[in-house]
Amino acid sequence: MLLISALGNGANILLDYFFVVRWGWNSAGAGWAITISQYLMALLGLVLCARQTSWLEIQAIQSKLWDTAAFQSTLTLNGNIFIRTLAFLSTFSVFTNFSSAIGAILLAENALLLQVFSFAVYLIDGLAFATESLTGVLHGQGNKKPLLGLIGLSGGSSLVIGVTFALLFVLFPMPLFALLTNHTEVLAQIGRYVFWLIPVLGFGSIAFMLDGYFLGLAEGATLRNAALFATLFGFVPLVVWAWQLQSNDLLWLALSVFMAARVVFLGSQVLRTIQ
C-alpha cells in the first residue's frame, strides 16, 4: 500500500509541476495529473495482486461476494466516510470562500499555502495508507499488542514529515513559493502567514495518520463523529469570529483548531481500541 501511494502521490506532484507550473495547463493540467497518477496506482495494484493471488483463490471466495450482511456493513462504512469527507471538504470550502471575501491578494496567498499543505498531505497519506493496511491485518489476526507501537512509529514519522515540510517554507519562503507563482505582490506578503503551516501540518499529520488507523479498524462512525466534532465545535466558532473581524490570522487559527480537534477526538478513542 505504501508503494502504491508513493507512486501515485509522487507522480501527481511531478505531473502537477510539469503540467501546471512549467506548461501552464492550469486546472486542466491538474486534472490530467490526478487522472494519470490514479491509473498508475491502479496498474501497480493490479500487478502486485496478480503476483500474490492465484485464480483458484479468487474462485474460492466468489460465493462470499454476495454476503448481504457484509455488503450492508460496507455501505454503512462508506456512508460514514462520505459524511467525514463532506465535513472536511466543507471546512476547506468555507475557508477559501471567506478568504476571497477578505481580498483577492489574500485569497491567492491562502491558495498557495493550501497548495503546500496538499503537497505535504500527499506524502503523509502514504504513511496513513500503510497504517491502515497494517492495522487491518493486526486487527484481523486479533493481535492488538503491536497497535500502540504502530501508532507511535507512524505518528512520529508523519509529524516529522509535516513539520519539516512546514519549516522549509517558513525558513525559505521566497525561493520555494517562487516555484509556485511569479506574482511579486503575492510573494511579497505571503511570509506574514506562512508560519501557520506549522500548526496546520503539525496537527494535520497526526490527524491523517489516525484516520488511517481507524479506517484499518473499519470504525467509520468514529471518523464521522471526529470530523463533525472538529467542524462544528472547532472550526465554525472561530471562522465566524474571523468573518466578523475580517482576520486572516483567525481563519488560519480556525483551520489549526479544526486539525487539533480531530487529533483530540480520535486520540481519545485509541485506548479503547487496544484494550
Side-chain angles (χ1 to χ4, degrees), residues 1-6 8-9 41 45 48-49 52-53 57 61 64-91 120-162 201-235 258-275:
M1 198 69 182
L2 180 59
L3 180 61
I4 294 174
S5 178
N9 293 329
M41 290 174 68
L48 294 176
C49 287
Q52 298 180 12
T53 307
E57 289 176 317
I61 64 170
K64 298 180 180 180
L65 295 177
W66 304 107
D67 186 338
T68 55
F71 188 68
Q72 183 178 1
S73 177
T74 301
L75 286 178
T76 301
L77 174 62
N78 287 334
N80 287 327
I81 293 174
F82 172 77
I83 295 172
R84 173 259 181 197
T85 304
L86 184 61
F88 196 85
L89 293 177
S90 298
T91 295
V121 169
Y122 283 139
L123 299 175
I124 295 167
D125 268 349
L127 287 169
F129 288 145
T131 302
E132 176 186 345
S133 179
L134 292 172
T135 300
V137 170
L138 292 171
H139 179 67
Q141 294 173 346
N143 186 9
K144 295 185 177 182
K145 289 184 179 180
L147 288 177
L148 193 58
L150 173 63
I151 292 173
L153 178 61
S154 182
S157 302
S158 299
L159 183 62
V160 168
I161 292 174
L201 280 174
F203 290 120
S205 61
I206 303 298
F208 286 117
M209 181 278 300
L210 288 172
D211 278 350
Y213 175 76
F214 283 98
L215 275 173
L217 297 176
E219 292 202 8
T222 301
L223 293 173
R224 177 201 64 202
N225 294 339
L228 292 176
F229 170 79
T231 300
L232 297 176
F233 300 104
F235 180 75
F258 170 75
M259 296 296 176
R262 291 173 62 214
V263 173
V264 170
F265 190 99
L266 293 173
S268 68
Q269 302 298 310
V270 168
L271 287 180
R272 170 183 60 78
T273 66
I274 62 176
Q275 289 176 348

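Values in this document were obtained by computation on a predicted structure and should not be read as measured data. We use all heavy atoms of the structure for the numbers below, so side chains are in, but hydrogens, waters and symmetry mates are not.
Between the CD1 atom of Ile151 and the CG atom of Leu210 there is a distance of 6.5 Å, given to the nearest 0.5 Å. Atom CG of residue Leu89 and atom CZ of residue Arg84 lie 8.5 Å apart, to the nearest 0.5 angstrom. Separation of atoms CG (Asn78) and CG (Leu75) is listed at 7.0 Å; rounding is to 0.5 Å. Atoms CG and CD, from Leu215 and Glu132 in turn, are 4.5 Å apart once rounded to the nearest 0.5 Å. A distance of 11.0 Å separates CG of Leu159 from OG of Ser154, quoted to the nearest 0.5 Å.
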Please evaluate residues Asn80 and Leu223 with respect to the criterion side chain to side chain contact (heavy atoms under 4.5 Å, CB included), reporting the C-alpha separation (whole Å), side-chain torsions for both, the decisive distance (0.1 Å), and the verdict. CA-CA 7 Å; Asn80 287 327; Leu223 293 173; over 6 Å; no
Run the side chain to side chain contact (heavy atoms under 4.5 Å, CB included) check on Leu123 and Asn9 step by step: do they pass? CA-CA 7 Å; Leu123 299 175; Asn9 293 329; 5.7 Å; no
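In this structure, Ser205 has no side chain to side chain donor-acceptor pair (under 3.5 Å) partners at least two apart in sequence or on a different chain. Not a single ring-ring contact (aromatic ring centres under 6.0 Å, His included) links Tyr213 to another residue, sequence neighbours left out. Residues passing the side chain to side chain donor-acceptor pair (under 3.5 Å) test with Thr222 are Glu219, sequence neighbours excluded. For Phe208, the ring-ring contact (aromatic ring centres under 6.0 Å, His included) criterion is met by Phe88, not counting sequence neighbours. Residues that satisfy the side chain to side chain donor-acceptor pair (under 3.5 Å) test with Ser157, not counting sequence neighbours, are absent from this structure. Scanning for side chain to side chain contact (heavy atoms under 4.5 Å, CB included) contacts around Ala218 gives Leu77, with sequence neighbours left out. Taking Ile83 as the reference, Arg224, Leu228 meet the side chain to side chain contact (heavy atoms under 4.5 Å, CB included) condition, with sequence neighbours excluded. Taking Ala128 as the reference, Asp125 meet the side chain to side chain contact (heavy atoms under 4.5 Å, CB included) condition, with sequence neighbours excluded. Judged as a ring-ring contact (aromatic ring centres under 6.0 Å, His included), and not counting sequence neighbours, the contacts of Phe233 are Phe229.
Here the closest heavy-atom approach between residue Gly45 and residue Ile4 is recorded as CA-CD1, 3.8 Å. In terms of heavy-atom proximity, Ser158 sits nearest to Met209 at OG-CB, 3.8 Å.
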Name every donor-acceptor pair, under 3.5 Å, that has one atom in a side chain of residues 262-271 and the other anywhere in the protein, sequence neighbours excluded.
from	atom 1	to	atom 2	distance (Å)
Arg262	NH2	Asp211	OD1	3.4
Arg262	NH2	Asp211	OD2	2.4
Ser268	OG	Val264	O	3.4
Ser268	OG	Phe265	O	2.6
Gln269	OE1	Arg272	NE	3.0
Gln269	OE1	Arg272	NH2	3.4

Which atom pairs, one a donor and one an acceptor, fall under 3.5 Å between side chains of residues 142-149 and the rest of the protein, sequence neighbours left out?
from	atom 1	to	atom 2	distance (Å)
Lys144	NZ	Gln275	O	3.4

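Considering only heavy atoms from C-beta on, Met259 stays 4.5 Å or farther from Ile206 through its side chain.
For the salt bridge (charged side-chain N to carboxylate O under 4.0 Å, His left out) condition, no pair includes a residue of residues 226-235, sequence neighbours left out.
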